Amino acid sequence: MDVRKRRKRAAVGAVFLLALVAGGLFKLRSISDTWRDALSLHYWEDRMAGRDLYNAGEHYFKRGNRANQDLLLTFDDGPHEKSAPEILDILKAEHVPATFFVVGKRVKLHPELVKRMIAEGHEVGNHTQDHLRLDLLTSKQIENEIQDCEINVERACGRRTTLLRPPGMRLTPKVNAEVSSLGYTIVGWNLGAKDFIPDQQITDMSAEESRTFKTTPDEIVDRVLKQAKNGVIILLHDNPVTAEALPTIIEKLKAEGYRFVSTAQMMDELPHPILVVSNPPSMRLAAKPKR
């Protein structure tokens, strides 16, 4: 009898302990942006040191001020001929700014779209020339990927890029060193809409991008609304499915009281403001792209 009682008490104690641990984990999740952050000692070290918003040593902007009900819309992998104009039309109608991280080879195909992005008050960031994973390249190849994209943007709109998002956010000390030496600010993201689509709808997607899963506008809207928090950077992609989801995303987030801001504005409103000029005038318009 005593043995059974002890086992029962031990089982109750174990359940209680698990409940405490689970409660603690969910509490950590509620005050972080993702489960990955909640379970990362590195994240909490950065947060305690004030590096969770902006890491000055790496020139890495991670998220906005938690005290401000602001959001940043970012669109990767364009410009695409069909979806980029649709996205721009929606942003213009809703008076919403965005940051477009463009791929150089697509800028070369559709320079007029990059010119329109700048003309309508959006920011254009560097997403490399060929959308390669920079951590797999040599230092010289990393430099070429970034600079070739830069030159194509300059030729398209007469402006430089100072913001960069490495494909896949694959950062290493080598990548960070090259990006820093070129004077870029890395822009991360906290809210992923998982809005990839297969290449049947976008004819110039890479083989890597085409090996992704299907999604629907409703699923994209649901993912964004569930994860929205003050100061998060939203990762979207330049594709027709996202364009279809975008009006609902903007409408519902505005209804919840959120304000959409640019990267430069969000950085300027950090507890310790960081000043960036996203697209200053180019000083080398006569330069020729390397390929």
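These numbers come from a predicted model, not from an experiment.
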Hey, could you give me each pair passing ring-ring contact (aromatic ring centres under 6.0 Å, His included) that has a residue in residues 153-193? Not counting sequence neighbours.
->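 For residues 153-193: none.
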
Can [X] and [Y] be counted as an ion pair, charged N to O under 4.0 angstrom?
| X | Y | value |
| --- | --- | --- |
| E112 | R116 | no |
| K194 | E219 | no |
| D135 | K174 | no |

How would you list, by chain and number, every residue that makes a side chain to side chain donor-acceptor pair (under 3.5 Å) with Q265, sequence neighbours excluded?
-> E269

In sequence, state the C-alpha distance, the side-chain angles, and the governing distance for T74 and T99, and then conclude on side-chain hydrogen bond (donor to acceptor under 3.5 Å, both in side chains).
-> CA-CA 5 Å; T74 66; T99 304; over 6 Å; no

Roughly how far, to the nearest 0.5 Å, is the [atom2] atom of [Y] from the [atom1] atom of [X]?
| X | Y | atom1 | atom2 | answer |
| --- | --- | --- | --- | --- |
| K229 | Q69 | NZ | CD | 13.5 Å |
| N279 | R160 | CG | CZ | 9.5 Å |
| I234 | L71 | CD1 | CG | 4.5 Å |

Kindly indicate whether a cation-pi arrangement holds for K62 with Y60, taking the cut-offs as under 6.0 Å to the six-membered ring centre and within 45° of the axis.
->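 Cation-pi check for K62 and Y60: passes.
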
Quick check, are the ring centers of F100 and F75 under 6.0 angstrom apart?
-> yes

So E58 and R51, salt bridge (Lys or Arg N to Asp or Glu O under 4.0 Å) or not? Walk me through it.
-> CA-CA 10 Å; E58 298 177 352; R51 296 188 299 263; over 6 Å; no

Over 12 foreign heavy atoms within 6.0 Å of NZ, K252 |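 Atom NZ in K252 is not crowded, with 12 or fewer foreign heavy atoms closer than 6.0 Å.
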
Any side-chain donor near an acceptor of the partner, D76 and H237, under 3.5 Å =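 D76 vs H237: no donor-acceptor pair found between side chains.
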
